[in-house]
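Contents: one structure, followed by commentary.
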Protein chains: 2
Amino acid sequence: MSRPEILGRLRQHDVLPTPQRIEVAELLLKKPQHLSADQILDQLRGNGSRISKATVYNTLNLFSEQGLVRQLNVDPSRKFYDSTTHVHHHFYHVDTGELSDIPEHQVGLMKMPSLPAGTVQESLEILIKVRNK
Amino acid sequence: MSRPEILGRLRQHDVLPTPQRIEVAELLLKKPQHLSADQILDQLRGNGSRISKATVYNTLNLFSEQGLVRQLNVDPSRKFYDSTTHVHHHFYHVDTGELSDIPEHQVGLMKMPSLPAGTVQESLEILIKVRNK
DNA sequence: TTCTATGCAAAGACTTTGCATGCTG
DNA sequence: CAGCATGCAAAGTCTTTGCATAGAA
């Protein structure tokens, strides 16, 4: 994903592009993946960046609010950020903590439940936990 | 749920019944619900119990390991413990943080994805996030 | 007695916040 | 200049752990 593409994505989501936000976006958006704030910080630092921890957290919160990435609550100990925002589902490998995508066409719902009164649906996620055979 | 029933449930799951474990089980198992460790501590303390925070956490971890309750990772800030262990799914109200059960017959899966190589399925959970209309 | 559970406080992991500094429009 | 972003450290949550005491088998 090229620099101009990154800038475009940020602007589409009303995120002012700053050097740090561009760094985070370049890393996270370059492929479908699931990374925690700390993993992102480590990788950026490993690449020589001097971005601060607070900025990584702030940036990821901003990206999530603006719909640029999706926050996943699966691992009880930390949040993961998903670079793929269109509807899809996940495998969670409980032995390794790894998350992976379930190809969209591989699951399908037969019927939808009626929602609690006075509410509208925000999302629907399927999580399949797996472990080593 | 009567005292002898509670004791039976604990023994069925190889949990030695102690006064504190019985307290926690009586509170959590009395109806289908989703409570966090802190909510349980507060309620027990409110009822005059002097159980410690560590014991509540230890007990809930033990109950989960033994399959007596189910741990839910939905709210990024805390774990919830579900007194209903059979397969069922959840609504999560993002405005209030409330969790509720989706009646089992109200959802159905059309097809199951193939699992990652070398893994077996541990569970499948559907989470529907809703917000106020 | 021997093993396990409990309670307390301290430690730990992850995340957020306050505030001064620095950049951007 | 005004407003927002950044960095650092401190503070905050939730949870786990170490260790001494207490209880159960």
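These values consider heavy atoms only, across backbone and side chains, with no hydrogens, waters or symmetry-generated copies. Just so we're on the same page: letters track the sequence lines, and every chain starts at 1.
- In this model, the phosphate group of dT6(C) is approached by a side-chain N or O of T18(B) to a distance below 4.0 Å at OP1 or OP2.
- Taking atom CG on D75(B) and atom P on dT13(D), their separation rounds to 14 Å, with Å as the unit.
- Looking at every heavy atom in both residues, R21(A) comes nearest to L16(A) through NH1-O, 2.9 Å.
- Side-chain N/O atoms of R21(A) include one lying less than 4.0 angstrom from OP1 or OP2 on dT6(D).
- Side-chain nitrogen and oxygen atoms of Y57(B) include none within less than 4.0 Å of the OP1 or OP2 phosphate oxygen of dT16(D).
- OP1 and OP2 of dA10(D) both lie 4.0 Å or more from every side-chain N or O belonging to K53(A).
- Checking dC8(C), dT16(D), dC8(D) against the side-chain heavy atoms of S52(A) singles out dC8(D) as nearest.
- Going from atom CG of L10(B) over to atom P of dA25(D) covers 13 Å, rounded to whole Å.
- Checking the phosphate oxygens (OP1, OP2) of dG7(D), a side-chain nitrogen or oxygen of T55(A) falls inside 4.0 Å.
- Taking atom CG on D38(B) and atom P on dG12(D), their separation rounds to 16 Å, with Å as the unit.
- Not one side-chain nitrogen or oxygen of K79(A) sits closer than 4.0 Å to the OP1 or OP2 atom of dA13(C).
- Residue pairs that meet the ring pair (Phe, Tyr, Trp, His ring centres under 6.0 Å) test with at least one member in residues 35-80 of chain A, sequence neighbours left out, do not exist here.
- Ranked by how close their nearest DNA chain C nucleotide is to the 5' end, L16(B) and R45(B) are led by L16(B).
- What separates CG of L60(A) from P of dA5(D) is a distance of 15 Å, to the nearest Å.
- Between the CD1 atom of I51(B) and the C1' atom of dA22(D) there is a distance of 15 Å, given to the nearest Å.
- Classification of the H88(A)-H34(A) ring pair by plane angle, with boundaries at 30° and 60°, yields tilted.
- A donor-acceptor pair is defined here as one N or O able to donate and one able to accept, closer than 3.5 Å; such a pair exists between the side chain of Q39(A) and the backbone of S36(A).
- Rounded to whole Å, atom C1' of dT6(D) lies 14 Å from atom CG of L41(A).
- Using a 4.0 Å cut-off, no side-chain N or O of N58(B) falls inside it from OP1 or OP2 of dT16(D).
- Remark: of the listed residues Q33(B), M1(B), K30(B), K31(B), Q33(B) is the sole one forming a side chain to side chain contact (heavy atoms under 4.5 Å, CB included) with S83(B).
- Between dC23(C) and Q20(A), no contact under 4.0 Å exists linking OP1 or OP2 to a side-chain N or O.
- L62(B) has its CG atom 16 Å from the C1' atom of dT15(D), to the nearest Å.
- Here the nucleotide nearest the side chain of A54(B), chosen from dC8(C), dT15(D), dT16(C), is dC8(C).
- For the pair P19(B) and S77(B), nearest-nucleotide mapping onto DNA chain D gives the more 5' position to S77(B).
- Rounded to whole angstrom, the span from the CZ atom of R50(A) across to the C1' atom of dG22(C) amounts to 15 Å.
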